[in-house]
Amino acid sequence: MKNDLVISVLRSMADFLELMDENPFRIRAYRTAADNVAALEEDIEEYFQEGVKKKIPGVGKDLAGKIRDILSTGTFKEYDQIRRGVPAGVLDLVRVPSVGPKKAKLFYEKLDIASVEGLKKAIADKRISGLPGIKAKTVENIRRGLELLEKGKERLDILTATSVANKFISALKKRKEIAEIAVAGSLRRMKDTVRDVDILIVSEQPKKASRLFTGLPQVRRVVAEGPTRSSVITTDDVQVDLRVIPKDEFGAALLYFTGSKAHNIKLRQLAIKKGWKISEYGLFDKQGRRLASRAEEDIYRKLGMDFIAPELREDSGEIEAASKGALPGLVSLKNILGDFHAHTNYSDGKNSVLEMAQKARSLGYEYLCLTDHSVSLKVAHGLDEARLKRKKKEIQDANRGFKGFSVLFATEAEIDAEGRIDYPEKILSQFDLVIGAIHSGFKQTSQQLTRRIVRACRNRHVDIIAHPTGKLWPTRAPYDIDFEEVFKAAADTGTALEISAYPNRLDLSDVNARRAKEYGVRLAIGTDSHDISHLDYMAFGVGLARRAWLTPKDVLNTLPLKELQKQLKR
DNA sequence: GCCGTTTTCGGCCCGACTGTTTTCAGTCG
């Protein structure tokens with residue numbers, strides 16, 4: 001599959017063109033095409049076979065020819081030419097905050113700087129200061145940009161971002177100068193990782209509100225400060241952007257700053273077709289009269305579509321669906337009646353059976369599956385037969401104390417290198433629920449891993465496959481399995497695939513969970529809790545499920561206990 | 001470089017903040 005190759009060549013071409021100060025619309029055309037290739041689910045070569053009439057949006061005659069060349073030779077003529085003129089390292093310079101294409105080009109042409117390292121040196125020996133338009137402040141900004149690049153290479157996980165956001169919100173919401181406060185950006189869209197945190201404030205005293213924000217103790221440095229926008233770096237090195245807006249523009253601003261960029265652009269194009277204009281201040285007609293701005297709902301309605309939940313705003317079909325009134329009724333946290341994946345101190349969890357149960361019950365659940373590790377996972381104190389017996393007894397005792405709530409006797413059992421489960425039949429048949437999981441042998445080939453999971457699906461005791469791709473952000477990449485094979489096997493056998501709500505996992509991903517649904521696979525959200533506080537991670541799993549367009553029907557956790565028991569394999 | 005139910009040419013999403021500039025370019029989101 002050469003999709004990634006095509007994407008990276010097109011993007012890199014766009015970067016080079018930008019450096020050459022080319023026509024910005026031509027540059028955008030390359031980026032749009034790359035984005036659209038990235039959105040393909042199929043192998044791109046399917047689009048370029050003899051007689052195929054399928055078209056990729058944003059790819060016209062010219063780019064089609066270039067992509068054809070990339071597919072056969074890995075590159076194309078203009079790309080090779082442009083690369084000969086500029087070392088690739090110059091492109092890296094624009095990754096430094098406050099350095100864009102113009103400065104990168106300047107540094108390369110005047111000082112022969114062709115890498116981030118080179119830029120660092122040029123700053124250190126002050127060579128950079130003499131350049132036109134580069135004065136002390138600019139140098140200082142670039143120096144800080146270099147620092148930031150070093151520290152903030154990775155994106156933030158959703159848990160960290162959420163807690164940073166909550167800290168600002170709880171400090172600000174009680175102030176009388178602040179009428180309303182909300183999170184926007186990719187955090188509101190519940191993306192698994194985010195680059196920064198966006199906060200919106202409604203205030204009639206914008207200057208005062210801004211100062212309250214920039215003056216909070218968790219603010220280490222103020223990057224920018226104006227009456228409508230400010231930007232700070234927190235003591236834990238997270239960038240937080242603030243927008244202050246008047247009440248009657250709140251919806252327009254929230255829409256704009258929630259994004260995604262692609263979603264916004266599509267909406268604006270739609271508005272233009274009607275002779276209107278959308279900005280962060282509202283929806284306006286030709287004469288500049290405001291048609292809507294107070295609430296997001298008003299703007300969507302004026303545009304002739306249903307309200308689109310933030311999690312769907314990725315320009316992946318939601319605008320078309322909303323225009324036809326065909327959006328799915330998304331699953332939400334209040335539909336969730338239980339958690340499938342949690343550990344106790346029998347294996348590697350911190351809390352007891354009873355503590356976990358009480359917390360789950362306080363969340364309004366009907367059930368909690370206590371899925372301690374199985375016998376062969378020694379590092380996590382996997383349970384042997386004797387300890388299983390004790391745990392079962394303890395669960396039975398605990399259950400006697402509950403009404404309308406049950407702890408299920410379950411396990412997260414090892415799928416071995418061949419795809420077998422490590423407990424024998426007579427033990428497996430005693431569980432209320434079995435999750436199969438891979439915790440070893442990640443290095444197998446894609447084929448072996450796929451076969452392993454497919455075989456586990458075919459096991460008549462396995463109800464759910466845990467964290468199907470093994471992703472552990474940021475340290476472990478998802479393993480490369482043949483999703484089509486896995487989805488088919490799961491759908492075939494009625495095995496659910498897990499959406500791990502654990503912030504470093506979030507696995508399956510939104511894209512793959514959406515695909516799984518198309519194959520008729522059911523998804524089961526599990527927090528993989530090792531501690532009572534982890535049970536709250538369910539919100540992240542539900543966010544992911546919503547990004548995957550899932551309805552309550554697609555999610556196993558929405559079933560009441562009686563119905564669930566009927567539908568499990570046993 | 002793409003695209004078209006007003007267009008095959010002339011558009012292409014829109015605005016704030018900073019720094020260095022005497023009116024605007026660059027960067028960012």
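These numbers come from the heavy atoms of this one structure, side chains and all, not from hydrogens, waters or symmetry mates. Order of the sequence lines fixes the chain letters, A, B, ..., with proteins taken first and strands second; residue numbering starts at 1 for each chain. Computed from a prediction, not measured in an experiment: that's the story for all the values here.
Classification of the A:Y30-A:F76 ring pair by plane angle, with boundaries at 30° and 60°, yields parallel.
Note on A:I278: only backbone sugar-phosphate atoms sit closer than 4.0 angstrom, heavy atoms only; bases stay farther off.
Position along DNA chain B of the nearest nucleotide to A:V223 versus A:K66 favours A:K66 as the more 5'-ward residue. Of the two residues contacting DNA chain B, namely A:N264 and A:K55, the nearest-nucleotide position lying further toward the 5' end is that of A:K55.
Here B:dG4 presents its C1' atom at 17 Å from CZ of A:F25, a figure rounded to the nearest Å. If you take NZ of A:K266 and C1' of B:dC14, they are 18 Å apart, rounded to a whole angstrom. Atom P of nucleotide B:dT18 and atom CZ of A:R144 are separated by 13 Å, given to the nearest angstrom. Taking atom CD of A:Q269 as the reference point, atom P of B:dG11 lies 16 Å away to the nearest angstrom. Between the CD1 atom of A:I142 and the P atom of B:dT18 there is a distance of 17 Å, rounded to whole Å. The distance between atom CZ of A:F284 and atom P of B:dC14, rounded to the nearest whole Å, is 12 Å. Summarising the geometry, the separation between CG on A:L255 and P on B:dC14 is reported as 14 Å, rounded to the nearest angstrom. One atom, CZ of A:F16, and another, P of B:dG1, lie 16 Å apart when rounded to the nearest Å.
For the C1' atoms, the distance linking B:dT7 with B:dC12 amounts to 13 Å, nearest Å. A distance of about 23 Å separates the P atoms of B:dT22 and B:dC28, rounded to the whole Å. With P as the reference atom, B:dT21 and B:dT27 are 15 Å apart, rounded to whole Å. Look at the C1' atom in both B:dG11 and B:dT6: the space between them is 13 Å, to the nearest Å. B:dC3 sits 9 Å from B:dT8 when the C1' atoms are compared, rounded to a whole Å. Rounded to a whole angstrom, the distance from the C1' atom of B:dT20 to that of B:dG26 is 11 Å.
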Query - Contact pattern, 5' to 3', of nucleotides 19-29 of chain B - B, S or - by protein heavy atom under 4.0 Å - result: SSS----SSSB
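Side chains of A:S500 and A:Y537: no donor on one and acceptor on the other come within 3.5 Å. If you check the side chains of A:T160 and A:D157, you find a donor sitting under 3.5 Å from an acceptor.
Inter-residue side-chain proximity for A:I56 and A:L63 is flagged as unmet; no heavy-atom pair is nearer than 4.5 Å. Inter-residue side-chain proximity for A:Y256 and A:R268 is flagged as met; some heavy-atom pair is nearer than 4.5 Å.
Contacts with DNA chain B (heavy atom under 4.0 Å) in residues 73-93 of chain A: none are found.
Pair assignment for B:dT8 gives none, since no Watson-Crick or G-U wobble pairing has each distance under 3.5 Å.
With a glycosidic angle no more than 90° from 0, B:dT7 adopts the syn conformation.
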Query raised in the report: Can you check side-chain hydrogen bond (donor to acceptor under 3.5 Å, both in side chains) on A:E225 and A:S210, steps first, answer last?
Result: CA-CA 8 Å; A:E225 186 170 18; A:S210 292; 5.6 Å; no
Query raised in the report: Can A:E314 and A:R547 be said to form a salt bridge (charged side-chain N to carboxylate O under 4.0 Å, His left out), step by step?
Result: CA-CA 9 Å; A:E314 299 292 341; A:R547 290 179 59 79; 3.0 Å; yes
Requested in this report: Given side-chain hydrogen bond (donor to acceptor under 3.5 Å, both in side chains), test A:T258 with A:R188 step by step and report yes or no.
Outcome: CA-CA 7 Å; A:T258 297; A:R188 180 164 181 243; 2.8 Å; yes
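For the side-chain contact (heavy atoms from CB on, under 4.5 Å) criterion with A:S230, the lone passing option out of A:T214, A:V222, A:I199, A:I201 is A:T214.
Distances shorter than 4.0 Å separate none of the side-chain N or O atoms of A:T32 from OP1 or OP2 on B:dC2.
Using modelled atom types, no side-chain atom of A:T527 and backbone atom of A:Y502 make a donor-acceptor pair closer than 3.5 Å.
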